[in-house]
Amino acid sequence: IEYSTVTWNNKDLQAGSTLEGKFIKTEVFDGENGETEKYIIETPAGEKMGVYATISLLNQFRNVPEGAYVWITYKGKETTKKGREVKVYLVEYDDEV
């Protein structure tokens, strides 16, 4: 099943922005830097949102089962030890919904 999705974590995302809903599935595709992932979240209003993977999201979504209810908060940008700017997210979930 292909979903038409709106991208949530785009370049205009403001620190403190949140997204919540049911984690439908992970889509894997070839991006600019090789294979990457997009997480499909269905909001309480029924809208499908695509969340492109970042290092911060990849590490946290490894533990989130499909079908879980998730809360994603964009924390802002941080600079890594190597001087690279990265987006940081907090992912919380409940798999008993």
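The OH atom of Y74 lies 5.0 Å from the NZ atom of K87; values are rounded to the nearest 0.5 Å. Taking OG1 of T79 as the start and CD of E85 as the end, the distance is 5.5 Å to the nearest 0.5 Å. Between N9 atom CG and L57 atom CG the span is 6.5 Å, to the nearest 0.5 Å. Taken to the nearest 0.5 Å, the CG atom of L13 stands 5.0 Å off from the CH2 atom of W8. To the nearest 0.5 angstrom, E35 atom CD is 6.5 Å from D30 atom CG. Going from atom CG of L19 over to atom OG1 of T73 covers 9.5 Å, rounded to the nearest 0.5 Å.
Side-chain contact between I72 and V51: present, with at least one pair of heavy atoms (C-beta onward) separated by less than 4.5 Å.
Ring pair Y39/F23 is perpendicular by interplanar angle, where above 60° counts as perpendicular and below 30° as parallel.
A side chain to side chain donor-acceptor pair (under 3.5 Å) check over residues 15-24, counting only residues at least two apart or in different chains, returns the pairs E20-Y69. Within the structure, the side chain to side chain donor-acceptor pair (under 3.5 Å) test picks out the following pairs touching residues 52-68 (sequence neighbours left out): S56-Q60, N59-R62.
Between the side chain of T43 and the backbone N or O of E47 there is at least one donor-acceptor pair closer than 3.5 Å.
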- Please step through side chain to side chain contact (heavy atoms under 4.5 Å, CB included) for the pair F61 and T26, ending with a clear verdict. CA-CA 9 Å; F61 263 94; T26 301; 5.7 Å; no

- Full working for side chain to side chain contact (heavy atoms under 4.5 Å, CB included) between I40 and K38: CA-CA 6 Å; I40 308 302; K38 179 168 74 171; 3.8 Å; yes

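Scanning both residues, P44 and G21, for their nearest heavy atoms gives CD-CA, 4.4 Å. The two residues P65 and Y93 have their closest heavy-atom pair at CD-CE1, 3.6 Å.
In the hydrophobic cluster analysis, where Ile, Leu, Val, Met, Phe, Trp and Tyr join through side-chain heavy atoms closer than 4.5 angstrom, I24 is grouped apart from F29.
Shown here is L58, whose CG atom has more than 12 heavy atoms of other residues, nucleotides or ligands within 6.0 Å.
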